[in-house]
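Structure first, then comments.
The sequence lines fix the lettering, A, B, ..., with proteins before strands; numbering per chain opens at 1.
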Amino acid sequence: MSEQFNRRASDRRRELIAFRVGEQEFCVDIMSVREIRGWTPATPLPHAQKFMRGVINLRGTVLPIIDLSARLGFGFTTPEARHVIIVVRVGEQEAGLLVDAVCDILGVTEDMLQPTPNVASETVRSFIRGILAVEGRMIGEIGLERILPEKEAEAA
Amino acid sequence: MNAFRISTRLYALVGLTLVIMVSAMGFALLQEHEKLVDERKAMLAAMNENAVHIFQAYQEKEASGALTREEAQSLAMEAIRPMRYQADGYFFITDMNENMLMHPVRPDMDGTNQSGMEDPTGKRIFVEFGNTVEAEGKGFVDYLWPKPGLEEPVLKLSHVQGFAPWGWIVGTGVYADDLDAMFYDNAMILGSVMLIGILLTLVAAYAVVRSVVHPVNALTSVMGRLASGDNSVEIPAINRKDEIGDMAKAVLVFKEAAIEKIRLEGETESARGAADAERSRNESEKARKAEEDHVAIGALAAGLSALANGDLTHRITATFSPEAQRLKDDFNTTAQQLQDTMVTITSAIEGMRSGTGEISQAADDLSRRTEQQAASLEETAAALDEITATVKKTAEGAHQASQVTDQARVGAEKSGAVVREAVEAMAQIEKSSQQIGQIIGVIDEIAFQTNLLALNAGVEAARAGDAGKGFAVVASEVRALAQRSAEAAKEIKDLISTSTQQVDQGVDLVGQTGSALDKIVAQVGEITGLVTEIAASAREQSTGLGEVNTAVNQMDQVTQQNAAMVEQSTAASHHLAQEADELARLMAKFRLGNQAGAKAASRKVAVAANSSAPVAAAPKPQAARPTLKTVSAGGGQAAALLAVQPQDDGWEEF
């Protein structure tokens, strides 16, 4: 049974987009990514939360941009031309994550993804679903549900 | 002149005066006549001039066409025909072929050829007219022609003038017989006045000559009698106030002198008798005195003979007559004083000899020092030559240094230009680098965008599931390429920034080089200035050395002259010493009494010792000769001339 489970787990291949925020690497499931694009200056929204950089016009759609570094509690990013916006879709919601750079596309199996340590608080767990340790790198998988403001509001 | 008597000379004077007066009168008379003739001729010329003016007036009318030639000519003839002047002056007209055209007094001659007409002397009058006019246009012709109403021809002055347009000759004339008559009248009056004057003059001359000659003859005969001893004659003309009177007074003085002389001769005869008696008395007195004198003379002769032999101790002891006593005393005093003087002279000579010895010594020392001086001067001249050569080298070195610094300056200036070009080149490199940087930026951007595109492709491929797998591989390859090009771009960027930095450094270094070169140029300028000053200083030194050289040459010359003079003075001093010895030897011949003789003997020894010194000193100057001759080139020749001259015959000379 456990072997079967393992087999099943190992069979289930996933592809992740790995990116860099500050000095750390994170990743999201490739299936939740809609598009990757360069930084475009965002229009700030009044009274928005600090990590909200504002909104941009993405082919006619209004796309909110989240400073991922700020959202994860690492401090604000000063965006430049080489910064990247990863457009993700969570449920019916689309949002752009501002990251420093996209590293690569990783092909992983489910068993390679280790659960977030128990010592971490519930909040941390909600932000980081699991941690991928490959080639000496530590890559945290972002829980996109928590990242988006609406979800936070719902959770709250 | 003196061969003639006074009366003859006076008459000649009067005669000469009269001849000159008569000649002057005659000459004045002839001049007067000549002047009258000239006046008359001038009047004739003026008259003819009038006639010609009339011809001209008619000729002008003809020329203007108012008249034909014949009318004009006949009108002119008619105008001339009645013209008269003075008593019988008229005009006649002929042509050049001696045809008479108009004659107012002899109309029968009109239209006839007069070439055959001759005056009584055979002169062909009209031919002569033609010749004169042909030759000179106008002129005078004199000939003989009878007066109107008379047959005898008289002299006539005439003037002819040609009138060329018509070939006419107009003539007029006046008779000159009245002038001759006037001349003869004047001559007669003057002749008679002068005859009377000559007679009066001759009478006056006779009176004057007589008044002079007669008293002179009387005085001559009186003087002849005085000369023959007749003192009783009476002197004539003694009261006259003229020269004759002076002469008579002089003759009177002669006469009185002759009378006085006869009186003095008588007195002389009586005085001669008294003189003879006095003479016989004197002769006996003389004989006595001669005896006394004989004794005195003998004693004096003996004394003088002793003096002549150098014996100054001799004294006269014989008894002399009272008159000669003084002579004896004087001789003795003289001998005594002579003896004293000689003793003094002997001691003075002794002093002189020691003095001349010292002078000789000093002259030898001086000669030696002069030689040393000459040698020092020679060394100085040699040293000066070396210094001059060194200064010349310095000047040449300075010149070369100046040229080299000039070249260095030019090089530095060229280098400055090169540095500026280098700076420009660097700037261009920088610019190119910037452009490259921009291009790299573009490449980098493209790589970035390509990367994003590849990621998106990867995302799409993943969505497509198994169908997108191949596409995913391509996307990842594209990503890898994009990343590589991004890395390459980054490397190039680094390289470019490095090279830009290096270019900056290069620019900085080149700038420093430029400023260093500027400093070098400035310093080279300073060096050039310093070198120029060195060259100028070297030139001044050279000039100064030239002056020093001249001075040294002059010193050399002077030293040579000094050397010559020192030699002369050395020789002179030796000669002086010798002379002093000779003098002492001569003085020893005198006998000067006992104490004097002893002194002289002791001195003689000293003299002999001293006299050897000059002989020993003599060769020294000869040894010095070569060193004196070799001193520097400029003064050397003069020195040699000075030096050669005195040596060989010098000793005898002094």
Side-chain angles (χ1 to χ4, degrees), chain A residues 11-21 25-40 56 58-59 61 63 65 68 79-90 94-110 132 134-135 139 141-142 144, chain B residues 431 433-501:
Chain A
D11 279 351
R12 200 178 147 208
R13 289 190 66 81
R14 294 175 64 191
E15 281 188 295
L16 303 171
I17 297 281
F19 52 84
R20 201 158 48 72
V21 176
E25 282 186 298
F26 298 95
C27 60
V28 290
D29 195 298
I30 201 165
M31 299 311 281
S32 60
V33 173
R34 305 294 301 168
E35 191 180 346
I36 298 168
R37 56 179 295 124
W39 165 255
T40 320
I56 61 169
L58 182 70
R59 288 188 288 279
T61 316
L63 187 75
I65 302 297
L68 193 59
E80 290 169 10
R82 290 297 146 98
H83 281 86
V84 178
I85 293 169
I86 301 174
V87 181
V88 294
R89 186 180 183 84
V90 183
E94 280 192 358
L97 302 178
L98 172 61
V99 300
D100 286 352
V102 174
C103 298
D104 48 6
I105 298 172
L106 299 171
V108 296
T109 50
E110 198 66 47
L132 193 67
V134 285
E135 302 162 8
I139 306 169
E141 191 189 0
I142 301 292
L144 288 171
Chain B
K431 204 171 149 192
S433 297
Q434 279 171 2
Q435 286 173 347
I436 292 170
Q438 285 171 357
I439 292 163
I440 296 298
V442 172
I443 291 169
D444 193 37
E445 180 67 25
I446 289 167
F448 177 69
Q449 295 293 343
T450 310
N451 191 23
L452 289 184
L453 283 173
L455 281 171
N456 281 323
V459 170
E460 292 299 328
R463 289 245 186 99
D466 288 340
K469 269 200 174 141
F471 189 58
V473 171
V474 174
S476 77
E477 288 295 320
V478 171
R479 269 197 69 228
L481 281 176
Q483 267 171 351
R484 268 168 62 189
S485 64
E487 276 164 20
K490 196 164 172 282
E491 278 175 21
I492 290 171
K493 210 173 194 172
D494 289 348
L495 285 175
I496 289 285
S497 78
T498 309
S499 91
T500 305
Q501 262 181 350

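N451(B) is not listed as a side-chain neighbour of V102(A), based on a closest heavy-atom distance of 4.5 Å or more.
When every heavy atom of I105(A) is checked against every heavy atom of V459(B), the shortest pair comes out as CD1-N, 4.5 Å.
In this structure, D100(A) has no salt bridge (Lys or Arg N to Asp or Glu O under 4.0 Å) partners at least two apart in sequence or on a different chain. Scored by the side-chain hydrogen bond (donor to acceptor under 3.5 Å, both in side chains) test, R14(A) finds D29(A), E141(A) as partners (sequence neighbours excluded).
Scanning residues 461-470 of chain B against chain A with a 4.5 Å heavy-atom cutoff picks out A462(B), R463(B), ordered by number. For residues 479-493 of chain B, the interface with chain A (any heavy-atom pair closer than 4.5 Å) comprises R479(B), Q483(B), sorted by residue number.
Ion pair E445(B)/R82(A) flagged as a salt bridge, since at least one NZ, NE, NH1 or NH2 atom sits closer than 4.0 Å to an Asp/Glu carboxylate oxygen.
Proximity to chain B (any heavy atom under 4.5 Å) is restricted, for E15(A), to the side chain, taken from C-beta onward.
One distance of note links CZ of R37(A) with CG of L452(B); it measures 9.0 Å at 0.5 Å rounding.
With chain B as the partner, the residue from A101(A), A81(A), C103(A) showing the most heavy-atom pairs under 4.5 Å is C103(A).
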